[in-house]
Trainee: 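Pasting a structure here, questions to come.
Just so you know, ligand 1 is whichever comes first in the structure, and atom 1 is the first atom listed for that ligand. All residue numbers refer to positions in the sequence shown, counting from 1. If you're wondering where the values come from, they're calculated on a predicted model, not measured in any experiment.
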Amino acid sequence: MDHVVIRREEYVSGTRDRPEIGIFTQAHQTRHPVPWGQIAIGDTVWMKWSSGPIVAAAKVQGFRQIETCSADRLREMTTGSQLFNLRDYWVSLPPAFSAVVIWLDDERWLDTPIFPNARSRGESWVPLKTAELREAWLSNRAPEQLRVEPRNRTRTRTIGYAMRFQVLRRDGFTCQYCGRKPPEVKLHIDHVIPWSAGGLNIPDNLRTSCEPCNLGKGTSRV
Ligand SMILES: [Zn+2]
């Protein structure tokens, strides 16, 4: 079966451009977290940003369900992942809860992010049990629907997740000015025509730049 996991940026480790998707934990105080009993090794999990697109897929390698869990116990099970160090997440958990931890592998980043029609209604995990659910979650909204997104109506300096991934993928996660890559450098998305000079957030006007090149360049054009 396929599943969609909806993640909030503040509880995902790694960087915004390369979030860690190899591990997923979920805790619920009054009931079993959604994947409990609905997940199998080899299942595909699609990662969606909360109020953003689906950007990656990965395969379930293993999972563990714990009836009476504490933050310390759950955290121990994430040893070796970046999530282990994400203090804000661990302190957000209640003293006792039902938990599930899922280990994922074979991650694949989508060339084109998916903006699904479906809504999660507050759930952070959606098993795609029927063909209708699959269709609603794993196919893109029509382009004319994308254009009426409120966030696209005004000109904004912020470059959305979908656009960032598109540009980073196109540029091979490499600085287009000096050729360096992470972890040696941190990557930014740079406007060719500066935003302050009317440059748009469109792929033709965006380029992957490392932090030193980006800062050195400022708003002057070469
Ligand atoms: Zn550079």
Side-chain angles (χ1 to χ4, degrees), residues 5-24 45-59 78-90 103-116 140 143 146-147 149-222:
V5 59
I6 296 125
R7 288 180 153 183
R8 286 174 49 191
E9 193 176 354
E10 60 268 40
Y11 295 148
V12 175
S13 47
T15 64
R16 189 174 161 182
D17 297 328
R18 294 301 299 205
E20 181 182 48
I21 62 171
I23 193 156
F24 173 79
V45 175
W46 300 81
M47 176 179 149
K48 182 185 181 301
W49 288 115
S50 177
S51 54
I54 293 175
V55 294
K59 295 267 185 212
T78 69
T79 305
S81 71
Q82 298 173 63
L83 181 64
F84 186 85
N85 299 317
L86 200 66
R87 195 177 167 276
D88 287 355
Y89 174 65
W90 302 112
W103 291 274
L104 298 150
D105 205 351
D106 294 337
E107 67 185 57
R108 176 168 64 86
W109 295 89
L110 307 186
D111 288 327
T112 312
I114 300 169
F115 289 87
N140 257 303
L146 285 179
R147 274 202 297 273
E149 281 287 294
R151 65 175 173 274
N152 291 345
R153 255 186 238 143
T154 50
R155 183 169 173 268
T156 166
R157 184 175 194 143
T158 311
I159 304 163
Y161 287 120
M163 189 60 71
R164 294 177 66 84
F165 274 105
Q166 203 179 323
V167 172
L168 285 163
R169 298 239 6 158
R170 182 197 65 196
D171 295 342
F173 294 93
T174 305
C175 173
Q176 297 302 291
Y177 299 100
C178 72
R180 284 183 290 177
K181 293 174 178 223
E184 190 190 347
V185 286
K186 189 178 170 195
L187 294 179
H188 289 224
I189 302 293
D190 185 36
H191 289 88
V192 178
I193 297 170
W195 186 85
S196 55
L200 295 172
N201 290 342
I202 55 171
D204 282 350
N205 192 45
L206 296 169
R207 206 166 287 176
T208 302
S209 168
C210 72
E211 194 163 76
C213 287
N214 188 38
L215 297 177
K217 193 166 159 282
T219 53
S220 67
R221 292 189 64 203
V222 182

Trainee: Is a side-chain N or O of S81 found less than 3.5 angstrom from the main chain of T79, in a donor-acceptor match?
Mentor: no
Trainee: Close to the Zn ion (ligand 1), meaning under 2.8 Å, how many protein N, O or S atoms are there?
Mentor: 4
Trainee: Ignoring hydrogens and angles, state whether a donor on the side chain of D171 or T208 is under 3.5 Å from an acceptor on the partner side chain.
Mentor: yes
Trainee: Do you see a donor-acceptor pair shorter than 3.5 Å between the side chains of S13 and Q82?
Mentor: no
Trainee: Find the distance between SG (C210) and NZ (K181) and round it off to the nearest 0.5 Å.
Mentor: 13.0 Å
Trainee: Does any N or O in the side chain of W46 come within less than 3.5 Å of the main-chain N or O of A58, such that one atom is a donor and the other an acceptor?
Mentor: no
Trainee: Could you tell me if Y177 and N214 have a donor-acceptor pair between their side chains, going purely by distance under 3.5 Å?
Mentor: no
